[in-house]
K.L.:
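Pasting a structure below so you can have a look.
Atoms within each ligand, like the ligands themselves, are counted from 1 in listed order.
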Amino acid sequence: MHPTFDITDPDLAGPGERRIQWAAAEMPVLNMIRTRFEKTRPLQGLRVGGCLHITTETANLARTLQAGGAEVALCASNPLSTQDDVAAALVRDDGISVFARRGEDSDTYYAHIRAVLDTDPQITLDDGADLVTTLHRERTEQIPQVLGGTEETTTGVIRLRAMAKDGALGYPIIAVNDAMTKHLFDNRYGTGQSALDGIIRATNILLAGKHFVVCGYGWCGRGIAMRAKGHGARVIITEVQPLRALEAAMDGFQVMPLLDAARIADFIVTATGDKHVVDGPHFKVMKDGCVLANSGHFNVEINIEALEALAQAKDHPRTHVREYRLADGRRLRLLAEGRLVNLAAAEGHPAAVMDMSFANQALTVEHLWQQGRKLEPEVYTVPQPIDEQVAKLKLEAMGIGIDTLTQEQQAYLASWQEGT
Ligand code: ADE
């Protein structure tokens, strides 16, 4: 049967296929799971609907699920993150129903989510919770047939926990983001590298010696700060949580309120998950040429309407750069329309880190399918054995050996009698 799909250009499949294979070479853990899935077909008969960034790494996840016997339909989890060549390759080479066009407007974005829901998924994969929330708002009749879902990102987990708290969540969700082998690596090293990659590709401005402000010192903010420091930037952290601010200070970063940081910033990057973090009062004090980028899931962290309202003129000096000229002549440069800079202006996290995130996804889908209807409509963490298995397999693939406890050491750790 020919799949239904909506993509930009089927002729892009050739280069898309080559890039998917390039990424696959960096995803050994997912490949091991795929080989097992091919042999044992644990997902036979399952319909999976995914709202994920359509990238080379997601393509390898989709192929793994398909190798396990699942039927997969995909839409984008951000209007600007779709790699059109990848979408084309998945349609041409795998018969996967992909509904995603880079740069799609909001109506198309939601039409594509509905198209995935039309495939009657039994398990949903989300990155930001737009698929789950649309299903709960518009397709309540479909809820009983869904066994469960997974959530990839911090913002999505926060939304889904809020749904569960309100009694509005109709089926169980496993928060893949909360697995150690996901957020400690993907959020930190993945965002660290890809956000810097996006900023550098978009601007080609030297970071060394510049004031580089990171809003939020969660795992993503830490990664961005660490990598900006590696480029020789003078990194400043802004935070609202005392504990995180203290950590940032003791990690060697300057910490101050954003209103102070904005006066000296050459770059401001948001990674907070909250809205209007960079707002009118900050724009008013920024230096000429300040670069603004967002690395959080939604394009709400920089108040773009407030910036538009202050602007006298707009320019588009480079791909992914919008320059706003204010009344006093200062120019503020917004990257990627305030959307995820790592996916909109670069290619997202590198495959080697998505390897762990998507190994968790694949094993969690298998777990959900095995659980059937046993789970309650709550937000669960990834089972510990899955998290540990991913860590072990990744170490193995990296050729790194570790020690094991002796029996004497195990007994010592389980006892209380021996002291000083
Ligand atoms: N999120 C961040 N980077 C990603 C990637 N490369 N693929 C899918 N989702 C992502």
Side-chain angles (χ1 to χ4, degrees), residues 16 19-27 29-31 48 50-65 72 74-87 89-90 96 98 100 102 109 116 124-131 150-157 175-179 181-199 201 218-224 227 269-271 273 293-299 336 339-362 364-365:
R19 290 201 318 110
I20 292 169
Q21 284 176 21
W22 179 268
E26 289 280 307
M27 305 183 85
V29 179
L30 194 63
N31 292 338
V48 176
C51 178
L52 300 168
H53 300 295
I54 306 300
T55 65
T56 52
E57 293 75 26
T58 299
N60 282 296
L61 171 63
R63 287 178 176 181
T64 303
L65 299 175
V72 183
L74 293 175
C75 61
S77 57
N78 185 297
L80 266 192
S81 63
T82 298
Q83 299 173 1
D84 287 322
D85 56 344
V86 169
L90 287 175
I96 289 176
V98 184
R102 189 182 186 86
Y109 176 79
V116 166
T124 58
L125 314 183
D126 233 323
D127 187 332
D130 281 344
L131 185 63
T150 67
E151 173 52 57
E152 169 75 7
T153 202
T154 317
T155 293
V157 172
V176 167
N177 179 73
D178 294 358
T181 47
K182 197 281 181 180
H183 67 267
L184 291 181
F185 302 92
D186 169 316
N187 300 26
R188 182 167 36 172
Y189 304 112
T191 308
Q193 179 162 327
S194 62
L196 271 282
D197 185 13
I199 292 164
R201 287 196 207 191
W219 291 109
C220 295
R222 281 161 214 239
I224 297 168
R227 295 305 179 231
V269 184
T270 52
N294 168 50
S295 182
H297 184 78
F298 288 117
N299 60 337
R339 295 200 186 270
L340 278 162
V341 72
N342 56 337
L343 281 141
E347 291 167 75
H349 302 352
V353 87
M354 295 312 294
D355 187 28
M356 287 192 277
S357 311
F358 285 167
N360 274 295
Q361 286 280 2
T364 299
V365 168

K.L.:
What are the polar N/O contacts of ligand 1 with the protein below 3.5 Å, with distances?
P.N.:
{"from": "ligand 1", "atom 1": "3 (N)", "to": "His349", "atom 2": "N", "distance (Å)": "2.8"}
{"from": "ligand 1", "atom 1": "6 (N)", "to": "Glu57", "atom 2": "OE1", "distance (Å)": "2.8"}
{"from": "ligand 1", "atom 1": "6 (N)", "to": "His349", "atom 2": "N", "distance (Å)": "3.4"}
{"from": "ligand 1", "atom 1": "6 (N)", "to": "His349", "atom 2": "O", "distance (Å)": "3.0"}
{"from": "ligand 1", "atom 1": "7 (N)", "to": "Thr55", "atom 2": "OG1", "distance (Å)": "2.7"}

K.L.:
Do Arg222 and Trp219 meet the cation-pi criteria used here (NZ or CZ under 6.0 Å from the six-membered ring centre, within 45° of the axis)?
P.N.:
yes
K.L.:
Pick from Asn360, Asn187, Asp127: which one makes a side chain to side chain donor-acceptor pair (under 3.5 Å) with Asn177?
P.N.:
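When side chain to side chain donor-acceptor pair (under 3.5 Å) is applied between Asn177 and each of Asn360, Asn187, Asp127, only Asn187 qualifies.
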K.L.:
Please determine whether side-chain contact (heavy atoms from CB on, under 4.5 Å) holds for the pair Asn78 and Leu343, giving the CA-CA distance in whole Å, both sets of side-chain angles, and the decisive distance to 0.1 Å.
P.N.:
CA-CA 9 Å; Asn78 185 297; Leu343 281 141; over 6 Å; no
K.L.:
Taking side chain as C-beta onward, heavy atoms only, is Met354 less than 4.5 Å from Asp186?
P.N.:
yes
K.L.:
In plain terms, say whether Glu347 and Arg201 are close enough for a salt bridge, that is, a side-chain N and a carboxylate O under 4.0 Å apart.
P.N.:
yes
K.L.:
Any side-chain donor-acceptor pair under 3.5 Å between Ser81 and His53?
P.N.:
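A donor-acceptor contact under 3.5 Å links the two side chains.
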